[in-house]
Novice: 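First the structure, which I've put down as structure tokens, then a few questions once you've had a look.
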Amino acid sequence: MSSVPRIVQDGRVGQVDATVVPRFAGPATFARLPRIDEVSDVDVAIIGVPFDAGVSYRPGARFGPTHVRESSRLLRPYNPAADVSPFASQQVVDAGDLAVNPFSLDEAITQVEAGARAMLERAGRLVSLGGDHTIALPLLRAVAAKHGPVAVVHFDAHLDTWDTYFGASHTHGTPFRRASEEGLIDTSGCLHVGTRGPLYSSRDLHDDRELGFHVVPSVEIDDLGARGIVERIRDRVGDRPVYLSIDIDVLDPAFAPGTGTPEAGGMTSRELLATLRGFADLNLVGADVVEVAPAYDHAEITGIAAAHTVYEILSALAPRKDS
Ligand SMILES: N=C(N)NCCCC(=O)O
Ligand SMILES: [Zn+2]
Ligand SMILES: [Zn+2]
């Protein structure tokens with residue numbers, strides 16, 4: 001064990017105690033949680049995937065994991081909106097970054113899958129910090145190897161079920177088409193939330209349905225509200241194992257300017273966080289938060305939104321006292 005003073009609750013090693021060590025001091029693990037080598041049992045591992053060789057527009061998501069960790073220093077141990085202490089009822093750790101080849105996209109995909117599989121030997125659940133959205137494919141391969149085909153709930157401005165770019169089949173616009181083709185997803189239980197903006201043609205939506213997705217587009221969010229979105233998600237996924245993939249560009253550029261392919265007309269961070277609270281009673285088996293590109297961020301707006309997004313995911317994963 002390290003000698004820094006940490007909050008320990010119910011035997012779980014939590015954050016560095018911010019009443020003793022100022023939260024702006026010391027290394028930035030996610031929420032200043034322990035590293036994986038500082039604890040023996042792990043329930044949830046947060047893992048960085050600094051990779052952005054799959055982007056179609058602005059690069060820079062390789063710096064996402066570091067930025068989200070830096071932006072997570074202010075998170076506190078109790079989540080009043082969910083009435084849960086996410087670091088007390090489960091052991092959450094920061095497992096560091098996967099070292100993936102920045103010059104070979106194919107090798108990087110192999111490395112992400114291998115890294116995630118190895119991590120799942122130790123941790124019950126993985127929450128991955130991207131990185132561009134390409135990484136969802138190898139992450140889904142690892143998750144499906146453990147749980148079978150999963151219901152993907154995908155928050156994104158984009159469908160990410162396109163076929164190829166410049167002849168390349170592995171890009172950040174194609175992971176969910178590949179996942180569907182490979183049988184990694186339960187095509188009776190998937191949906192996108194927050195999609196918007198111009199497509200290549202109406203055929204994109206037709207293909208997307210064939211690949212197994214329903215859509216809650218951004219234009220419906222005002223009418224539905226968080227509660228209505230959660231109902232639509234619940235109706236679609238039922239009790240299937242759920243994999244949650246959150247592209248930070250699901251948020252309006254006002255709430256997440258630091259991303260590679262921004263589209264106007266997105267969700268507020270309040271809507272996203274409220275919707276995520278609805279995942280507490282779903283069978284959530286893994287998650288990623290991707291596409292944070294700090295070079296286009298200001299005042300950590302995007303980093304903070306992503307850090308709180310991860311915090312709500314961890315809160316949803318936390319076992320409830322009465323369950
Ligand atoms: N997954 C993200 N963020 N973007 C996909 C955009 C694909 C395109 O350039 O059409
Ligand atoms: Zn996107
Ligand atoms: Zn995406």
Side-chain angles (χ1 to χ4, degrees), residues 49-65 67-68 105 108-109 112 128-140 152-180 184-185 190-205 207-208 211-213 215-219 221 243-269 271-272 275 286-297 302 305-306 309:
V49 189
F51 167 86
D52 63 5
V55 299
S56 58
Y57 198 48
R58 297 167 171 174
R62 64 178 61 182
F63 297 108
H67 189 61
V68 176
L105 195 144
I109 286 176
V112 174
S128 308
L129 309 176
D132 77 52
H133 224 150
T134 311
I135 66 170
L137 176 65
L139 292 171
L140 279 167
V152 170
V153 182
H154 170 220
F155 289 77
D156 201 322
H158 309 99
L159 299 167
D160 290 356
T161 50
W162 286 296
D163 191 3
T164 58
Y165 285 93
F166 293 81
S169 52
H170 295 126
T171 78
H172 77 154
T174 59
F176 299 111
R177 179 182 289 251
R178 298 289 94 81
S180 181
L184 308 175
I185 67 177
C190 297
L191 80 170
H192 311 288
V193 180
T195 51
R196 62 190 188 275
L199 300 173
Y200 296 92
S201 86
S202 62
R203 166 127 206 135
D204 297 350
L205 291 169
D207 287 1
D208 189 71
L211 290 160
F213 285 86
V215 184
V216 181
S218 194
V219 288
I221 288 177
Y243 185 83
L244 176 57
S245 186
I246 303 182
D247 185 327
I248 206 66
D249 71 26
V250 74
L251 298 180
D252 191 87
F255 298 90
T259 195
T261 46
E263 312 275 353
M267 286 179 113
T268 67
S269 39
E271 287 165 339
L272 176 60
T275 305
D288 61 58
V289 178
V290 299
E291 297 283 349
V292 173
Y296 313 97
D297 205 9
T302 316
T309 297

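One-based numbering, in listed order, for ligands and for the atoms of each. Model, not experiment: these values are computed from the prediction.
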Novice: Looking at T174 and S169, would you say the former's side chain and the latter's main chain have a donor-acceptor pair under 3.5 Å?
Specialist: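 Indeed, once roles are kept as given, a pair shorter than 3.5 Å links the two residues.
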Novice: What are the two closest heavy atoms between P262 and R58, and how far apart are they?
Specialist: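 Smallest heavy-atom distance, with atoms named: CG-NH1, 3.7 Å.
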Novice: So do the side chains of Y243 and D288 get within less than 4.5 Å of each other, counting heavy atoms only?
Specialist: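 Touching, per the 4.5 Å side-chain cut-off.
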Novice: Measure from the Zn ion (ligand 2) to every N/O/S atom of H158 and report the name of the nearest one.
Specialist: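 The nearest such atom is ND1.
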Novice: Quick one: look up the protein heavy atom nearest atom 9 (O) of ligand 1 and list residue, atom name and how far away it is.
Specialist: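 Nearest neighbour among protein heavy atoms for atom 9 (O) of ligand 1, to 0.1 Å: S56 OG, 2.5 Å.
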Novice: Can you name the closest pair of heavy atoms from G258 and T302 and give their distance?
Specialist: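 Looks like N-OG1, 2.8 Å.
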Novice: In terms of residue, atom name and distance, what is the protein heavy atom nearest to atom 4 (N) of ligand 1?
Specialist: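 Here the nearest protein heavy atom works out to T261 OG1, 3.1 Å.
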Novice: Compute the angle centred on the Zn ion (ligand 3) spanning OD2 of D247 and OD2 of D160, and express it rounded to 10 degrees.
Specialist: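 With the Zn ion (ligand 3) as the vertex, OD2 (D247) and OD2 (D160) sit 170° apart.
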Novice: Strictly by modelled atom types, are H158 and D160 linked by a side-chain donor-acceptor pair under 3.5 Å?
Specialist: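 Distance-only check fails for H158 and D160.
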Novice: Please indicate whether any nitrogen or oxygen in W162 is less than 3.5 Å from any nitrogen or oxygen in ligand 1.
Specialist: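 N/O-N/O distance below 3.5 Å does not exist for this pair.
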Novice: I'd like to know if the side chain of H172 and the backbone of S56 have a donor-acceptor N/O pair within less than 3.5 Å.
Specialist: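 Here the side-chain-to-backbone pair exists.
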Novice: So that I can check it, does any N, O or S atom in D156 come closer than 2.8 Å to the Zn ion (ligand 3)?
Specialist: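 A backbone or side-chain N, O or S atom of D156 is under 2.8 Å from the Zn ion (ligand 3).
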Novice: Looking at R203 and D208, is there a salt bridge between them, counting it only when a charged N and a carboxylate O are closer than 4.0 Å?
Specialist: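 Looking at D208 and R203, the cut-off is not met.
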Novice: Just to confirm my output: which protein heavy-atom neighbour is closest to atom 3 (N) of ligand 1, and how far is it?
Specialist: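 Ranked first by proximity to atom 3 (N) of ligand 1 is D247 OD2, 2.8 Å.
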Novice: Tell me the closest heavy-atom pair linking T134 and H170, and the distance in Å.
Specialist: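 For T134 and H170, the tightest heavy-atom pair comes out as CG2-C, 4.4 Å.
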Novice: In H133, the N, O or S atom nearest to the Zn ion (ligand 3) is which?
Specialist: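 The H133 atom nearest to the Zn ion (ligand 3), restricting to N, O or S, is ND1.
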Novice: Residue-level breakdown please: for D249 versus ligand 1, do any non-hydrogen atoms fall below 4.0 Å on the side chain, on the backbone, on both, or on neither?
Specialist: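 Near ligand 1, D249 shows its side chain, while the N, CA, C and O stay back.
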Novice: For atom 8 (C) of ligand 1, which protein heavy atom lies nearest, and how many Å away is it?
Specialist: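 Its nearest protein heavy-atom neighbour is Y165 OH, 2.9 Å.
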Novice: Could you tell me whether Y165 atom OH has more than 12 heavy atoms of other residues or ligands within 6.0 Å of it?
Specialist: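 Enclosed: over 12 neighbouring heavy atoms sit under 6.0 Å from OH of Y165.
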Novice: Of the listed options (R58, E263, H172), which comes nearest to atom 2 (C) of ligand 1 when hydrogens are ignored and any heavy atom counts?
Specialist: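 Answer by nearest heavy atom: H172.
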Novice: Which of the numbered atoms in ligand 1 are below 4.0 angstrom from a heavy atom of Y200?
Specialist: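 In order of number, 8 (C), 9 (O), 10 (O).
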Novice: So, of the N/O/S atoms that D249 has, which is the nearest one to the Zn ion (ligand 2)?
Specialist: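 Of all N, O or S atoms in D249, the Zn ion (ligand 2) lies closest to OD2.
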Novice: Can you name the atoms of ligand 1, numbered from 1 with element, that are less than 4.0 Å from a heavy atom of E291?
Specialist: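 Counting atoms of ligand 1 from 1, those under 4.0 Å from E291 are 1 (N), 2 (C), 3 (N).
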